[in-house]
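Report on the following structure.
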Protein chains: 2
Amino acid sequence: MKYSSPYVPPTLTVDAVIFQLHGDKLEVLLTQRESDPFKGEWALPGGYNAVGSTTIEALTEIVLRKTGVDLDNDLAYIEQLYTFDTVARDPRGHAVSVTYMGCSRAITLGTGSQHAEFFPVDRLPNLAYDHASIITYAQERLAAKLTYTNAVSGLLDKKFTLSQLQTAYEAVMGRLLDKRNFRKKFLTLNLIHETPDTWRDGAHRPAKLYAFNSSSLEVLSRSFD
Amino acid sequence: MKYSSPYVPPTLTVDAVIFQLHGDKLEVLLTQRESDPFKGEWALPGGYNAVGSTTIEALTEIVLRKTGVDLDNDLAYIEQLYTFDTVARDPRGHAVSVTYMGCSRAITLGTGSQHAEFFPVDRLPNLAYDHASIITYAQERLAAKLTYTNAVSGLLDKKFTLSQLQTAYEAVMGRLLDKRNFRKKFLTLNLIHETPDTWRDGAHRPAKLYAFNSSSLEVLSRSFD
DNA sequence: GCAAAAGTGTTTGGGATACACCCATGC
DNA sequence: GCATGGGTGTATCCCAAACACTTTTGC
């Protein structure tokens with residue numbers, strides 16, 4: 001800090017890594033940049049945070065405007081991820097970005113957002129800034145989160161089958177799990193209960209639908225995996 | 001974000017939560033504020049982050065100047081903790097604070113730092129700003145970190161006894177552990193090795209000294225607790 | 001010899017892992 | 001009747017937890 005010059009803060013920006021599950025693929029929400037730098041490339045939805053707004057307020061406004069996704073209503077869950085502050089990460093000058101990670105149940109993007117799209121995390125386009133590494137970091141955090149909390153509920157519908165639950169874990173963790181062990185263990189955690197409903201989906205036995213007991217984020221009594 | 005007015009970022013500040021172990025107490029480094037707001041009260045060491053400096057660069061400079069502690073050389077370990085951004089947290093105006101948490105081996109504070117002191121975390125003075133809740137959050141993070149990494153090495157001397165190791169865990173976790181189970185488990189993790197040296201300390205059997213195999217942060221094969 | 005911390009093993013219960021077949025449905 | 005995904009149980013191993021006495025030293 002220089003005492004001899006007046007204090008000038010860096011630019012403050014916010015960015016969101018928003019995941020959803022589509023079939024058996026984990027996807028992330030991106031927007032296409034409309035202007036330089038990185039015009040035409042894909043990037044995480046984000047923008048400037050001016051004085052007077054908290055990071056989450058600024059982010060909510062920006063993501064809604066750029067993608068049509070409403071963090072307050074469309075997301076099951078959001079948390080602060082990390083603050084990236086490498087001086088050179090934005091070619092326009094020193095910008096510090098506070099990033100958030102969230103999970104949404106499957107969303108259909110509104111028509112007003114032709115420049116926003118979900119991409120599978122294993123088939124991302126070229127990304128602007130350091131956003132590729134931010135996504136990798138978010139995915140690691142999400143995988144860790146699934147092992148010690150009920151965060152997976154944020155990726156599923158209110159009612160879901162045990163196979164869908166297992167698929168969600170497999171998509172985030174990136175590996176296959178044993179069906180019998182998975183069910184036995186998850187049911188003994190007492191996080192979910194059966195509902196009277198069933199899920200019919202083609203030429204096979206219908207599946208029981210389950211629901212989470214709690215809709216808020218809870219820490220597991222013993223960690224998963 | 002207002003389009004009609006030029007972009008003005010909030011103030012950016014940095015703060016450090018630096019822990020050390022003193023006997024069987026976990027302590028945290030505080031400085032006494034020399035000016036308003038909160039003049040005379042204790043606070044985490046921190047200050048302004050101007051454009052051009054990364055948060056960790058700014059923090060290193062500030063902590064060295066205010067407390068004499070050199071983050072680069074005196075700390076075994078430091079990591080970003082969280083970014084606090086409530087608009088009202090600083091009475092002078094909207095300030096966003098990027099906080100860091102670190103562990104130091106027992107430090108003797110230099111003479112130039114009569115306004116810096118380590119306080120036991122269970123006997124803190126009144127704290128300025130929202131610093132009390134930041135310390136609580138940091139302590140939770142540190143406790144979690146000890147369960148799945150070798151971070152405890154940052155709180156101990158290079159060579160240490162198994163009793164000192166157990167005391168470190170007990171101080172951070174806030175509960176007592178069984179001596180035989182603790183030793184059995186920790187030794188099977190293959191993180192530490194015996195040294196030829198012993199520690200003599202009064203009228204009782206001397207203790208073997210151990211050392212960590214790796215000085216960098218590693219994730220445990222199975223989590224501790 | 002005595003006070004004080006270091007050091008050491010066994011038993012038991014629960015959860016993790018590995019593994020293969022029957023069930024209900026649509027066509 | 002057959003293809004498709006839903007649903008279920010057992011045996012083994014390893015780890016967590018509970019628990020008390022002997023050893024080495026300084027005085």
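Note that these values count all heavy atoms, side chains included, but never hydrogens, waters or copies made by symmetry. Only a predicted model underlies this, so the values are computations on that prediction, with no experimental measurement involved. Each chain gets a letter, A, B and so on, in the order the sequences are listed, and its residues count up from 1.
Side-chain contact of B/S216 with B/S214: a donor-acceptor pair under 3.5 Å is present, judged by distance alone. Using modelled atom types, one finds no donor on one side chain facing an acceptor on the other under 3.5 Å when comparing A/R105 with A/S153.
Atoms CZ (B/F182) and C1' (C/dG7) sit 14 Å apart, rounded to a whole Å. In this structure, the CD atom of B/Q164 is 15 Å from the C1' atom of C/dG7, given to the nearest Å. We find that CG of B/L176 is positioned 13 Å from P of D/dA18, with the value rounded to whole Å. As rounded to whole Å, 15 Å separates atom C1' of D/dC15 from atom CG of B/L187. Taking atom CZ of residue B/F186 and atom P of nucleotide D/dA16, one finds them 13 Å apart after rounding to whole Å. As rounded to whole Å, 16 Å separates atom C1' of C/dA5 from atom CG of B/L165. One atom, CD of A/E194, and another, C1' of D/dG7, lie 11 Å apart when rounded to the nearest Å. The interatomic distance linking A/L220 (CG) with C/dG15 (C1') rounds to 14 Å, in whole Å.
Across B/P45 and B/L30, no two heavy atoms sit closer than the pair CD-CA, 4.3 Å. When every heavy atom of B/L109 is checked against every heavy atom of B/A116, the shortest pair comes out as CD1-O, 3.4 Å.
Between A/F84 and A/Y129, a ring centre-to-centre spacing not shorter than 6.0 Å is recorded. Proximity of the aromatic rings of A/F19 and A/Y77 is defined here by a centroid distance below 6.0 angstrom, and this criterion is not met.
Residue A/S163 places at least one side-chain N or O under 4.0 Å from the OP1 or OP2 atom of D/dG6. At the phosphate of C/dT8, OP1 or OP2 sits under 4.0 Å from a side-chain N or O atom of B/K208.
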Quick tally for nucleotides 16-24 of chain C: nucleotides whose base has a protein heavy atom under 4.0 Å get B, sugar-phosphate-only ones S, the rest -, giving SBBBB--BB
